[in-house]
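Indexing begins at 1, ligand by ligand and atom by atom, following the structure's order. These figures come from a predicted structure and were not determined experimentally.
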Amino acid sequence: MKLELRGITKRFPGVVANDRIDLVIEPGKVHGLLGENGAGKSTLMNILYGLYGADEGQILIDDQPVELRDPGDAIAAGIGMVHQHFMLVPVFTVAENILLGAEPLDRFRRFDRNEARRLVTELIERYDLPLDPDALVEDLPVGLQQRVEILKALYRDAKLLILDEPTAVLTPQQADGLFASIRGFTEQGRSVVFISHKLREHRAIADSVSILRRGKNVGTLDPRTTDEQEMANLMVGRPVSLVIDRPQPTVGEVVLDVRGLTVTDPTGVRVVDGLDLQVRRGEILAIAGVEGNGQTPLVRALTGLQGITSGSVSVEGRDVTELTRKEILRGGVGHIPEDRGAEGLVADFTVAENLVLNLWDAVPFAKGRSIQFAEVQAHAERVVEAYDVRTPGTTTPAGSLSGGNQQKLVVAREIDREIDLLVASQPTRGVDVGSIEYIHEQLVVKRDAGTAVLIVSSELDEVLALGDRVAVMFRGKLVGPFPSPVSKEAVGLMMAGVDPAEALQRGDT
Ligand SMILES: Nc1ncnc2c1ncn2[C@@H]1O[C@H](COP(=O)(O)OP(=O)(O)O)[C@@H](O)[C@H]1O
Ligand SMILES: [Mg+2]
């Protein structure tokens, strides 16, 4: 199936998400969509899948204009989509999810369980995507849930399969497995739209790639013959540096000392399971892992957002497990939270107010019971300037800044003060490539100023680029740390639960 988009425009309040986009997807090919967060990739594909109507433009299938009013229309036209956030029913089985809305019925018009299992088993074998048809989706790791979504689209005989950021939830080896499946689909004449913000993945799988920037298609090119630097520059709209300059660390005494830390979730599962960890002055310890292996509760426990079940956490020799979040933050711990909306910023507060969020009632911002507004203001102006936060002013509500600038604001606030320990969780999530570069530099600067830095990230490239020591979190336990450099392959294997000795050996070859 040949698919063509002509002049697709989609406006949301205050933003043109897609701006006159032209695109041709050839049969049997993988077409990549590359672009930073917010560039308009998901919007464009949601239009193609009938979830949003375009304000302008046309969709053609095999040169015929079509109207896709809802996903039913898109599926009937042979389009299947695996969303960035899965749309499965967690309490249903694999088979039930795959067949949902197209279930086989027996002669009494009841759901035919045996036929369902047979159909799904056949599908699993045909596409070589192993799964247990009777497993509950909620019990599956995300990588396998993705497989369910793919099979669901294939069951409906998708001729064009849209995969929106499919590798975000996979280890590098699982991503290679997915790429092999994608090649299988194209050999059957199906087309695939592959969305990712990672250049390297497009080089590995795409036949052609369109780069979106601020809603516009700024170029369609062959990723195998175009160099990475050129693609990065196109994506960002200016020259960017792809490597961070990171001198050798000068490591001092232990600042963060975690022993036997256990955190239990409300259902009694040990999401952090007897974990030991030390971070020293002047070093970055970076923790990789597929999301959902306990990284979030670990960080929350270290920063006073969550209680612990057993074990101890000390900072500079002081036990902090009984302290409140505010006491921890004031006691010399900086925290760049994963969810800046909920935990990092108060959207309705101004930029200036957000910059003193946990400090406003202390010297110099308060004297006695009175807030020193001039101090708060002067501080904000200096920080906004120094950390290049793009905002109309310091009295602008933080919620109206772009995602990247909100993140810079949080980073600036946490880095600018005197701290012994910085805990940074997903420090560049949702941030444009230009700001990523900047935030990485700042983390290294903080390290070199003698702070102990703990980074938790699901972006493996980030972990490898920044970590002086690298560890992996798997099922609530820590694997490692290992001194840098560690091969990407080895870390990827450990993220999938492979024994570290074996992973390091296999990763080397
Ligand atoms: N449902 C929506 N309502 C309002 N704005 C939206 C909606 N969906 C996306 N946007 C905005 O459209 C732009 C493009 O978003 P999106 O297509 O999700 O980008 P990408 O997938 O490339 O990260 C962003 O500015 C985003 O905030
Ligand atoms: Mg998206």
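- Close to ligand 1: E36, with a non-hydrogen atom less than 4.0 angstrom away.
- Annotation for ligand 1: atoms under 4.0 Å from non-hydrogen atoms of S42 are 17 (O), 18 (O), 20 (P), 21 (O).
- For the residue pair E165/S196, the side-chain donor-acceptor check at 3.5 Å is not satisfied.
- From the protein, the heavy atom lying nearest to atom 19 (O) of ligand 1 is G40 N, 3.2 Å.
- One of the N, O or S atoms belonging to S42 lies under 2.8 Å away from the Mg ion (ligand 2).
- Side-chain atoms of E343 and H335 form no donor-acceptor pair, as typed in the model, at a separation below 3.5 Å.
- G35 does not count as a contact of ligand 1, since none of its heavy atoms falls under 4.0 Å from the ligand.
- Taking atom 1 (N) of ligand 1 as the reference point, the nearest protein heavy-atom neighbour is Y52 OH, 3.3 Å.
- Residues D416 and Y387 bring a donor and an acceptor atom of their side chains to less than 3.5 Å of each other.
- Ligand 1 has a nitrogen or oxygen under 3.5 angstrom from a nitrogen or oxygen of G38.
- Defined by atom type and a distance below 3.5 Å, a donor-acceptor pair is present between the side-chain atoms of E338 and T296.
- Under the 6.0 Å cut-off for aromatic ring centres, F194 and H31 do not qualify, their centroids lying 6.0 Å or more apart.
- Taking every heavy atom of V15 and a limit of under 4.0 angstrom, the matching atoms of ligand 1 come to 25 (O).
- Checked against the 6.0 Å centroid criterion, the rings of Y52 and F12 qualify as a close aromatic pair.
- With no hydrogens or angles considered, no side-chain donor-acceptor pair links S425 and Q295 at under 3.5 Å.
- For ligand 1, none of its N or O atoms has an N or O atom of A17 under 3.5 Å away.
- Less than 4.0 angstrom separates atom 16 (P) of ligand 1 from at least one non-hydrogen atom of the protein.
- Defined by atom type and a distance below 3.5 Å, a donor-acceptor pair is missing between the side-chain atoms of N18 and T43.
- Using modelled atom types, one finds no donor on one side chain facing an acceptor on the other under 3.5 Å when comparing Q407 with T428.
- In this structure, atom 9 (C) of ligand 1 has protein heavy atoms in its sub-4.0 angstrom surroundings.
- Both the backbone and the side chain of T43 come within 4.0 Å of ligand 1, judged by heavy-atom distances.
- Not one N or O of F12 is nearer than 3.5 Å to an N or O of ligand 1, by distance alone.
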